[in-house]
Amino acid sequence: MRSLFINICPNIFFRYVKEGDTVSQFDSICEVQSDKASVTITSRYDGVVRKLYYNVDDIALVGKPLVDIETDALKVVTTEEDVVETPAISQEHTHQEIKGHKTLATPAVRRLAMENNIKLSEVVGSGRDGRILKEDILNFLAKQTGAILPPSPQIEITPPPPKKEIHQPPQKDKAPSIPVSFTQPIAFSGKDVTEPLKGFHRAMVKTMTAALKIPHFGYCDEVDMTTLVTLREELKPVAESCGVRLSFMPFFLKAASLGLLQYPILNASVDENCQNITYKAAHNIGIAMDTQQGLIVPNVKNVQVRSIFEIAAELNRLQSLGSSGQLGAADLTGGTFTLSNIGSIGGTYAKPVILPPEVAIGAIGKLQVVPRFDSRGQVVKAQIVNISWSADHRIIDGATMSRFSNLWKYYLEKPSAMLLDLK
C-alpha cells in the first residue's frame with residue numbers, strides 16, 4: 001500500500017478519481033487550490049485507489065496522507081474495460097491490445113470515451129507505452145462520424161482576405177441596455193452563514209493587509225485612443241487568422257514596458273524595512289482578473305522582449321487558464337508591475353491598491369466616446385479611456401509618476417511611435 005502526501009495546505013477543489021478506481025503513473029488524482037495557485041496532484045504509482053482522505057472543499061493538512069493506492073492490486077484486480085478480448089486482425093483494422101493487457105488512459109480520457117460510447121479496446125493509443133490520449137479519442141470519433149477536426153493554429157502570420165463592402169441600411173439608435181450580472185447568488189435560509197476563507201480569498205487578506213503599510217500616491221489622466229482603435233481593427237483579422245484574440249491589453253502592456261525602460265524605479269521593489277531597493281531586469285507585468293474563484297493577478301513574463309502579438313497570445317493563455325481555475329504558481333508569482341482593466345466591467349476612475357513587493361499599479365477605465373476639441377478648435381468625436389495610477393510614495397515622487405504616465409499615454413495615442421523603441 002502506497003500513500004500520497006502533500007506539502008501545502010490547500011482545499012480540495014475537484015476530484016478525478018473515486019475509491020476503487022485503477023490509476024497509473026501521472027494520472028490526475030485531484031485538483032487542489034492553495035492561497036497561491038491551483039495545482040493538479042498526479043499519481044506516482046500504478047495501482048488501485050483504496051482510500052480517499054478528503055472530500056471536495058475539505059482543507060488538506062500538511063504532512064498527512066491524501067490517498068492510499070494499493071500497488072499490488074493490479075496483479076489480481078482489473079476492470080472489465082481494462083481486460084480486452086483478442087480482436088480479429090485484418091489488414092484494414094488492427095488493435096494493439098491482447099487478452100489481459102491493461103489499457104492505459106487517464107480518468108479524463110476514460111470519461112471522454114464513456115460520454116461518447118467508445119470502447120477503449122477499439123482505440124489505438126499514440127502515447128507512451130500505448131497510452132490512449134485525448135487526441136486519440138477525438139480522432140477515433142471523427143472517423144466514426146465522418147467529422148473533420150479543425151487544423152492546428154497556424155504559426156505563420158498570413159494576411160486575411162480583403163473584406164467585401166456590404167452596404168447596410170442605417171439602423172435606428174437603440175435604447176441603452178442595462179448590464180445584468182449572471183453570477184449565481186448564494187442560497188440563504190434566512191439565517192447568518194459563516195464559512196472559512198479559502199484559496200484566493202485568503203491570499204487577498206494577506207496581500208491587502210501588507211498593502212495597507214504602503215503610503216499610496218495617486219495620479220489620474222485620460223488617453224485618446226482614437227488612433228489605436230483604428231489600428232486594432234486593422235490588426236484583429238491578422239491575429240484571428242493565427243487563432244489569437246487581440247484586445248487593447250497587449251498595447252497597454254507593451255507601452256508600459258517601454259515606459260519602464262525609461263523609469264526603472266517603477267519596476268523595482270523594496271525590502272520589508274525599506275532600506276534597499278532592487279531594480280528588476282524583467283518586466284513581468286501582472287493583469288488583474290476577476291474569476292469565479294476571486295481576484296487573481298497572473299503576469300506576462302518578460303514583456304520587454306515580446307512582440308505585441310506574442311503578448312496577446314500569452315494573455316489568451318492566461319485568461320483561458322484563469323477562467324477554468326487552472327493557473328499555476330509560476331503564472332501567479334514573480335510580478336514586477338501591474339495593470340488592472342477595471343473598465344472591462346465598468347467605471348472610469350479607480351483607486352488601485354499596490355501589490356507588495358511591487359511599487360506601482362495602474363487601473364484602466366472603460367472606453368468612452370466623448371466630444372473633444374482638436375488642434376483647430378473643432379469639436380470631434382474621441383475614444384477616451386481614463387487611467388488611475390497608484391505608486392509607493394516612499395520611493396516614487398509625483399513627478400516621476402507623471403512623466404511615466406505621459407510617456408505611456410504618448411505611445412498609446414501615437415502607436416506608430418512605439419516602432420522607434422521596439423526591440
Side-chain angles (χ1 to χ4, degrees), residues 163 173 176-177 179 218-240 244-263 266 283 285-290 300 303 306-316 318-319 337-352 360-390 401-422:
K163 294 183 178 179
D173 294 337
S177 58
Y219 180 86
C220 301
D221 201 355
E222 69 174 30
V223 181
D224 188 342
M225 298 274 290
T226 305
T227 303
L228 185 57
V229 168
T230 303
L231 176 62
R232 173 176 170 263
E233 287 301 318
E234 296 175 356
L235 296 178
K236 275 178 63 178
V238 180
E240 289 173 356
V244 175
R245 187 176 66 87
L246 182 64
S247 65
F248 289 111
M249 207 63 185
F251 297 95
F252 295 153
L253 266 64
K254 193 61 183 180
S257 178
L258 293 174
L260 293 175
L261 292 174
Q262 302 296 323
Y263 301 96
L266 294 171
H283 295 173
I285 302 182
I287 39 53
M289 290 184 181
D290 178 40
V300 178
V303 176
R306 291 179 183 258
S307 68
I308 290 177
F309 178 78
E310 291 171 336
I311 296 171
E314 178 65 3
L315 281 173
N316 287 182
L318 293 174
Q319 288 165 347
F337 187 86
T338 299
L339 287 176
S340 173
N341 189 15
I342 190 65
S344 61
I345 301 176
T348 52
Y349 289 102
K351 187 180 179 182
I361 185 175
I364 304 164
K366 65 181 180 180
L367 184 66
Q368 303 179 92
V369 179
V370 295
R372 288 292 184 268
F373 290 101
D374 62 11
S375 58
R376 296 176 297 176
Q378 301 295 321
V379 177
V380 295
K381 182 175 70 173
Q383 307 263 7
I384 300 296
V385 297
N386 301 105
I387 179 67
S388 305
W389 301 104
S390 291
M401 190 73 254
S402 177
R403 293 188 181 100
F404 168 83
S405 180
N406 290 340
L407 182 57
W408 183 77
K409 174 181 177 179
Y410 171 74
Y411 284 132
L412 296 177
E413 292 186 339
K414 297 182 178 180
S416 59
M418 281 196 281
L419 295 175
L420 298 177
D421 295 327
L422 289 178

Discussion item. If you define the side chain from C-beta out and look only at heavy atoms, does anything of Phe252 sit under 4.5 Å from Ile287?
Written reply: no

Practice prompt. Indicate the ring-plane relationship of Phe404 and Trp389, choosing parallel, tilted or perpendicular according to the 30° and 60° boundaries.
Written response: perpendicular

Item to complete: Dump the intermediate steps for side chain to side chain contact (heavy atoms under 4.5 Å, CB included) on Leu318 and Met289, then the final yes or no.
Response: CA-CA 10 Å; Leu318 293 174; Met289 290 184 181; 3.9 Å; yes

Worksheet item: Any side-chain heavy-atom pair from Leu261 and His283 closer than 4.5 angstrom?
Response: yes

Worksheet item: Hey, are the side chains of Leu407 and Tyr263 touching, using non-hydrogen atoms and a 4.5 Å cut-off?
Response: yes

Fill in: Separation of Ile387 CD1 from Cys220 SG (nearest 0.5 Å)
8.5 Å

Worksheet entry | Straight-line distance of Ser247 OG to Asn316 CG, nearest 0.5 Å | 7.5 Å

Worksheet entry | Atom pair CD1/CG of Ile364 and Leu339 - distance to nearest 0.5 Å | 5.0 Å

Fill in: Glu222/Asp224 under side chain to side chain contact (heavy atoms under 4.5 Å, CB included): CA gap, chis, key distance, verdict
CA-CA 7 Å; Glu222 69 174 30; Asp224 188 342; over 6 Å; no

Discussion item. Looking at Arg403, I want to see if its CZ is surrounded by more than 12 non-hydrogen atoms of other residues, nucleotides or ligands under 6.0 Å.
Written reply: no

Worksheet item: Do the side chains of Ile285 and Ile311 get nearer than 4.5 Å, heavy atoms only?
Response: no

Response to the item:
Note: Thr227 and Pro415 closest approach over all heavy atoms is CG2-CD, 3.9 Å

Fill in: Glu413 side chain near Val223 side chain, heavy-atom distance below 4.5 Å
yes

Discussion item. With rounding to the nearest 0.5 angstrom, report the CD to CZ distance, Glu314 to Arg306.
Written reply: 4.5 Å

Worksheet item: Side-chain contact, heavy-atom cut-off 4.5 Å: Met249 with Gln319?
Response: no

Worksheet item: Do the non-hydrogen side-chain atoms of Leu246 and Phe251 ever get within less than 4.5 Å of each other?
Response: yes

Fill in: Residues Leu260, Val303; criterion side chain to side chain contact (heavy atoms under 4.5 Å, CB included); working and verdict
CA-CA 11 Å; Leu260 293 175; Val303 176; over 6 Å; no

Worksheet item: Taking only residues at least two apart or on different chains, which pairs with a member in residues 374-383 satisfy side-chain hydrogen bond (donor to acceptor under 3.5 Å, both in side chains)?
Response: none

Residues 344-352 side chain polar contacts: donor-acceptor under 3.5 Å, at least two apart:
from, atom 1, to, atom 2, distance (Å)
Ser344, OG, Asn341, O, 2.9
Tyr349, OH, Asn386, ND2, 2.9

Fill in: Nearest heavy-atom neighbours spanning Ser402 and Tyr219
OG-OH, 3.2 Å

Item to complete: Decide, yes or no, whether a salt bridge links Lys409 with Asp221 under the criterion of side-chain N to carboxylate O below 4.0 Å.
Response: yes

Item to complete: Check whether any side-chain N or O of Trp408 sits under 3.5 Å from a backbone N or O of Leu258 as a donor-acceptor pair, and report yes or no.
Response: no

Item to complete: To the nearest 0.5 Å, tell me how far Tyr411 OH sits from Leu420 CG.
Response: 8.0 Å

Fill in: Approximate separation, where rounding is to 0.5 Å, of Asn406 CG and Met401 CE
9.5 Å

